[in-house]
Amino acid sequence: QALTRPNEVYILPLDGKPARPLTSRNKDWLAQVELTPAEDFWFEAEDGVKVHGYLVRPPQFDSSKKYPLVYLIHGGPQGAWTDEFHYRWNAQLFAAWGYVAVMVNPRGSTGYGQKFTDQITGDWGGLVYRDLMRGLDYVLANYSFVDSTRMGAAGASYGGYMVNWIEGHSRRFKCLVNHDGVYNLESMYASTEELWFPEWEFGGTPWENPTLYRQWSPHRFAADFATPMLVIHGDRDYRVPSEQGLMVYTTLQRKGIESKMLYFPDEGHWVLDPVNGRIWNETIRQWLD
């Protein structure tokens, strides 16, 4: 697989010869669509570290036009955007809707050394947030076809957390999309099935080390919320329980901020049903448009 090629099965000879495909299920489909290659870019973070990102242009790209941008933020947070054909957060699909899709791998991302990955622990809204903002600055400074007045940000899990964090810390985006994002770190600790993870990330329980839980919890910055947000959550999400999505949606509604909630009673932390996946994509597209 690659960003321009869905999954196929290959055989890799042990004698060093090139891999060769065993299947070609997507051959006919690929002949009917225009998929644009991802462009790598690197920028310098505040501490001099090089940070990597991808940019995908819309099909039938015209350099004389200005295009809206969607800034995709990966989950994990110890994960990464890679050269893969993702079946939910598909950069090609966002590009096909007419958006420049940008995916940055900030601190916490895997594949750039253990220190780079570890630098998010205990610092969820700190250096990683500033990496993302500097990455956006780089794109706007180097790709003249991006319209800085029409930008949205979207992410799931930790990416949804970062969308909630952006909601209280930036006015750069016209709209936001938060899928299964953490909103209140203290209440999530008491409801998640993955207790070891917050204890690792924040140095213990909320009563042992309350400072980090409070410092990095997006709900504490609700007074500064202003950007329209689409909230998506699955009722069977036990990793980031659905109360996290309900809380941020209620907050947005009570503040009179344009907001919408897409609620899946039959999905967990990932949208797996194909029909639900289509609803998911269509709802996000309508919101961005």
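Because the structure is a prediction, the values reported are computed rather than measured.
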What are the two closest non-hydrogen atoms of [X] and [Y], and how far apart are they?
X: A91; Y: A101; answer: O-CB, 3.9 Å
X: H74; Y: S109; answer: NE2-OG, 2.8 Å
X: Y87; Y: P6; answer: OH-CB, 3.6 Å
X: E243; Y: S191; answer: OE2-OG, 2.8 Å
X: S242; Y: D235; answer: OG-OD1, 3.9 Å
X: V240; Y: H233; answer: O-NE2, 2.6 Å

Hey, quick one: are [X] and [Y] part of the same hydrophobic cluster, counting side-chain heavy atoms closer than 4.5 Å, chains of contacts allowed?
X: Y263; Y: W270; answer: no
X: M151; Y: W165; answer: yes
X: V49; Y: W42; answer: yes
X: V70; Y: V163; answer: no
X: L93; Y: W287; answer: yes

For the residue pair [X] and [Y], establish whether any side-chain heavy-atom pair is separated by less than 4.5 Å.
X: R5; Y: N26; result: no
X: I166; Y: T227; result: no
X: K50; Y: E44; result: yes
X: L136; Y: L69; result: yes
X: K66; Y: T149; result: no
X: Y71; Y: V139; result: no
X: P21; Y: V9; result: no
X: I232; Y: I284; result: yes

Distance from [X] atom [atom1] to [Y] atom [atom2], nearest 0.5 Å?
X: I257; Y: F225; atom1: CD1; atom2: CZ; answer: 7.5 Å
X: S24; Y: L30; atom1: OG; atom2: CG; answer: 10.0 Å
X: K174; Y: S148; atom1: NZ; atom2: OG; answer: 10.5 Å
X: I73; Y: L132; atom1: CD1; atom2: CG; answer: 5.5 Å
X: K65; Y: D147; atom1: NZ; atom2: CG; answer: 13.5 Å
X: R20; Y: L22; atom1: CZ; atom2: CG; answer: 6.5 Å

Identified side chain to side chain donor-acceptor pair (under 3.5 Å) counterpart of E282 within the set Q286, R278, R285: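 When side chain to side chain donor-acceptor pair (under 3.5 Å) is applied between E282 and each of Q286, R278, R285, only R278 qualifies.
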From Y54, W81, Y112, residue fulfilling side chain to side chain donor-acceptor pair (under 3.5 Å) relative to N105: Y112
Return yes if some donor-acceptor pair links the side-chain N/O of [X] with the main-chain N/O of [Y] below 3.5 Å, else return no.
X: R57; Y: T36; value: no
X: N209; Y: F202; value: yes
X: D131; Y: R107; value: yes
X: H269; Y: Y238; value: no
X: K17; Y: L12; value: no
X: E84; Y: L3; value: no
X: D180; Y: G160; value: no
X: Y213; Y: G204; value: yes
X: R88; Y: G277; value: no
X: Y99; Y: L288; value: yes

Test applied, side-chain contact (heavy atoms from CB on, under 4.5 Å); reference residue, R254; option that passes from T250, L252, T251: T250
Whether over 12 other heavy atoms sit under 6.0 Å from E8 CD: yes
CD (Q60) with more than 12 external heavy atoms under 6.0 Å: no
Pair Q253, S259: side-chain N/O donor-acceptor within cut-off below 3.5 Å: yes
Any donor-acceptor N or O pair under 3.5 Å, side chains H169, D224: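 No - no donor-acceptor pair under 3.5 Å links their side chains.
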Chi angles and distances behind the side chain to side chain contact (heavy atoms under 4.5 Å, CB included) call for Y183, L246: CA-CA 9 Å; Y183 178 62; L246 291 168; over 6 Å; no
Using the benzene-type ring in the case of Trp, are the ring centres of [X] and [Y] under 6.0 Å apart?
X: F145; Y: F61; result: yes
X: W216; Y: Y161; result: no
X: F197; Y: W200; result: no

Parallel, tilted or perpendicular: ring planes of F41 versus Y138, cut at 30 and 60 degrees: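 Taking Y138 first and then F41, their aromatic rings lie parallel (interplane angle under 30°).
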Aromatic ring pairing H179/W280, orientation class (parallel under 30°, perpendicular over 60°, tilted between): perpendicular
Worked verdict on D62 versus Y67 for side chain to side chain contact (heavy atoms under 4.5 Å, CB included): CA-CA 9 Å; D62 182 346; Y67 291 89; 3.7 Å; yes
By side chain to side chain contact (heavy atoms under 4.5 Å, CB included) - contacts of N184 (at least two apart):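 Expected list: E186, S187, S217, H219, Q244, M247.
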Worked check of side chain to side chain contact (heavy atoms under 4.5 Å, CB included) between V182 and R239: CA-CA 10 Å; V182 181; R239 183 65 42 85; over 6 Å; no
From CA spacing to verdict: side chain to side chain donor-acceptor pair (under 3.5 Å), E199, Y189: CA-CA 8 Å; E199 291 178 8; Y189 173 84; 2.6 Å; yes
Charged N-O contact under 4.0 Å between D137 and R172: yes
Stepwise side chain to side chain contact (heavy atoms under 4.5 Å, CB included) test for L55 and Y143: CA-CA 10 Å; L55 182 143; Y143 297 92; 3.9 Å; yes
